[in-house]
Protein chains: 2
Amino acid sequence: MADVAKVAGVSHQTVSRVLNDHPNVRAETRTRVLAAIDQLGYRRNLVARALVTRHSRTLGVVSFDTTLYGPASTVYGIEQAARDAGYFVSIVSLRTIDRAGVHDALEYLAEQGVDGIVVVAPQRSAARALADLPAGVPMVAVEGDHAGDVSVVSVDQVEGARLATEHLIGLGHETVWHVSGPSDWLEAEGRIAGWRGVLIAGGRPVPEILPGDWSPRSGYQAGQKLARMEEVTAVFVANDQMALGVLRAFAEAGVEVPGRVSVVGFDDVPESEFFSPPLTTVRQDFGAVGRNSIEILLRQIEAGQDLPHERLVVPPLFKVRASTAPVRR
Amino acid sequence: MADVAKVAGVSHQTVSRVLNDHPNVRAETRTRVLAAIDQLGYRRNLVARALVTRHSRTLGVVSFDTTLYGPASTVYGIEQAARDAGYFVSIVSLRTIDRAGVHDALEYLAEQGVDGIVVVAPQRSAARALADLPAGVPMVAVEGDHAGDVSVVSVDQVEGARLATEHLIGLGHETVWHVSGPSDWLEAEGRIAGWRGVLIAGGRPVPEILPGDWSPRSGYQAGQKLARMEEVTAVFVANDQMALGVLRAFAEAGVEVPGRVSVVGFDDVPESEFFSPPLTTVRQDFGAVGRNSIEILLRQIEAGQDLPHERLVVPPLFKVRASTAPVRR
DNA sequence: GAGGAGACTGTGAGCGTTAACATCCCCCAG
DNA sequence: CTGGGGGATGTTAACGCTCACAGTCTCCTC
């Protein structure tokens, strides 16, 4: 910067002013400085700036397995929204979710001087780990526990499950079986709650849950069991990947979908429209989740974080395709 | 830091030494300092450290649409490897790939003071944009153009396509049709080259390519065309998502797989084992790609980047499942 | 008991930027 | 013609850390 100042024949402060679009710089001086910058190939040092301004313009994101469609889409949405707002994004992807892991990640980001943190905390254990967060750093949780002490943005899982289950009941099915996600996941719990709620409200029997782990394989195994049960006519599967496994198991066992059994998934992955048959499912607007979480976070950062915690719920969208049909009498 | 020093009754330098595990600190002093840190809830400021050491211990990653399985997995692998090596990862996900976008992203990261950059540049245009990279920042490209002026780590696409095509030829198919990826993508080109190479080497006719865009829908559309062509007995699809679309189109048209037509995909997404039928495909080891790229990058950073550029090719793995069978005479 | 080699600790400078304040100059109102 | 307001610029001091160097103290060797 000093070099640029020398070449342009001004002080380093004027160079700084040009770089920060300060109004009180003569047009001619500005041109001269810009020319010097160009000539020297000067690039400003954001680290030094962060040191004095105490703002890094970097946001931290803590997530779990960004290979999964849900987290990947959420993180993508967050990243886009952050960059649009002029912020960098520093990501920590956890391999396993445990309190220590989340805590370390948070501490790690806080040391790095991020201005705020978004935690994609879909597990109960992760949500709990937010309790001992680094003080002084604004934070928002995505898909987290709404009981905690932070702002939360999430898709309404209960509502999504309700839509799915009601759709199946509406088609005349006596009751609906459920292949769930892993028990620690908040999303899995929400989907169970929504499903169970509809059944109970309608006075329907509540079948035993078939537990899965989000993977197609676990769906496949659940599907094999369901295929052997004559009484099953409708299944609500907690995500599309497992639904694919269920469909596969049904296909192998000669169980027709939607002829004998109707199947509904959750997520609306891009593939689900091309499953056999195309899957009726619940779409989550991950882009909206990302945008909203960044919006709330930035508001907290600007306000100095003594804002009341917000709870924002994004509504899901139900997509009817070809894997559901009226019950066959 | 000064506060900690005061409480512990030492100089700020000694605090720094404790924080950096310097050997020459008396055990008792160390304990005292640690106690003071704990008492004050002190957290070191990595920004200030980066300013003086001129190393941020942050790596930049530029990628394209991290919602897609390939890029998501690659970025995940990179992030894991980087964190294991004690580095942060700052990510920029591009919405569109063009020279200006890549250039801006690179410049953006360089200003932020990253120690090195990994560019996931699967398109020809992105690879070209690396030409005007910010000088002085070590860089490695993943899935990039091997002709450029940077180190490149990639999966051997040509070999993968070769394996797929030879497998089909080996099953007695006269020739193999191909649903390709978008023309600008290097991976699409590599897969075309491998496929074409085998056909030409074997003196087989080379059918016209059906162009796709990686999406299941484009595969579905190609599948509809292929289903109408009596002479088609084998199809090599450039990724699993499109292969799903092809399978769907075939199912709708009553074309049996693998009875009448054999289908091979590429990527081995977790779902492909549960397609109908389970998909024969080519697996890419994204974890290895991530680890290797970080390894090369760190070597360049430590050496001061005047190392010769490296080219590392990760071999693909062929997975035979149930979507391919000997040709029916 | 002197000399010296370590081990341990402290002092001061400086990394590249912005904030705060000081200065200069021009122009206009009174 | 003069005072003052404000635009344009410069000067100085941080920001929180590490590096280089200078001590001080202890203990061992001859």
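Lettering follows sequence order; numbering is per chain, from 1.
Not one side-chain nitrogen or oxygen of B/N45 sits closer than 4.0 Å to the OP1 or OP2 atom of D/dG16. The side chain of A/T53 places no N or O atom within less than 4.0 Å of a non-bridging phosphate oxygen (OP1 or OP2) of C/dA19. Not one side-chain nitrogen or oxygen of B/R54 sits closer than 4.0 Å to the OP1 or OP2 atom of C/dC15. Taking side-chain N and O atoms only, A/S16 has a distance below 4.0 Å to OP1 or OP2 of C/dT18. Distances shorter than 4.0 Å separate some side-chain N or O of A/N20 from OP1 or OP2 on C/dT18.
Between A/R57 atom CZ and C/dT17 atom P the separation is 17 Å, expressed in whole Å. Rounded to whole Å, the distance from CG on A/L51 to P on C/dC15 is 13 Å. At whole-Å resolution of the value, NE2 in B/H12 and C1' in C/dG12 are 8 Å apart. Here D/dC21 presents its C1' atom at 11 Å from CD of B/Q13, a figure rounded to the nearest Å. Straight-line distance from the CZ atom of A/R26 to the P atom of D/dA8: 8 Å, rounded to whole Å. Rounded to a whole Å, the CG atom of B/N24 is 13 Å from the C1' atom of C/dA5. Across the protein-nucleic acid pair, A/D21 atom CG and D/dA8 atom P stand 14 Å apart, rounded to whole Å. Taking atom CZ of residue A/R49 and atom P of nucleotide C/dA19, one finds them 9 Å apart after rounding to whole Å.
Under 3.5 Å, the side chains of B/E143 and B/T74 contain no donor-acceptor pair of N or O atoms.
For A/V25, counting side-chain heavy atoms from C-beta on, the closest listed nucleotide (D/dC15, D/dG10, D/dT9) is D/dT9.
Using a 4.0 Å cut-off between a side-chain N of Lys or Arg and a carboxylate O of Asp or Glu, A/E111 and B/R43 do not qualify as a salt bridge. Remark: A/R128 does not engage A/D184 in a salt bridge, criterion side-chain N to carboxylate O under 4.0 Å.
Note on B/V47: nothing from the nucleic acid sits closer than 4.0 angstrom, heavy atoms only.
The nearest heavy atom of DNA chain D to B/A48 and to A/V10 marks one nucleotide each, and the one closer to the 5' end goes with A/V10.
Note on ring orientation: taking the six-membered ring where Trp is involved, the planes of A/W214 and A/W185 are perpendicular (angle over 60°, cut-offs 30° and 60°).
At a cut-off of 3.5 angstrom, the base of D/dG10 holds at least one donor-acceptor pair with the side chain of A/R17.
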When you look at A/E189 and A/Q157, which way does the side chain to side chain donor-acceptor pair (under 3.5 Å) test go after all the steps?
CA-CA 9 Å; A/E189 288 179 15; A/Q157 307 293 336; over 6 Å; no
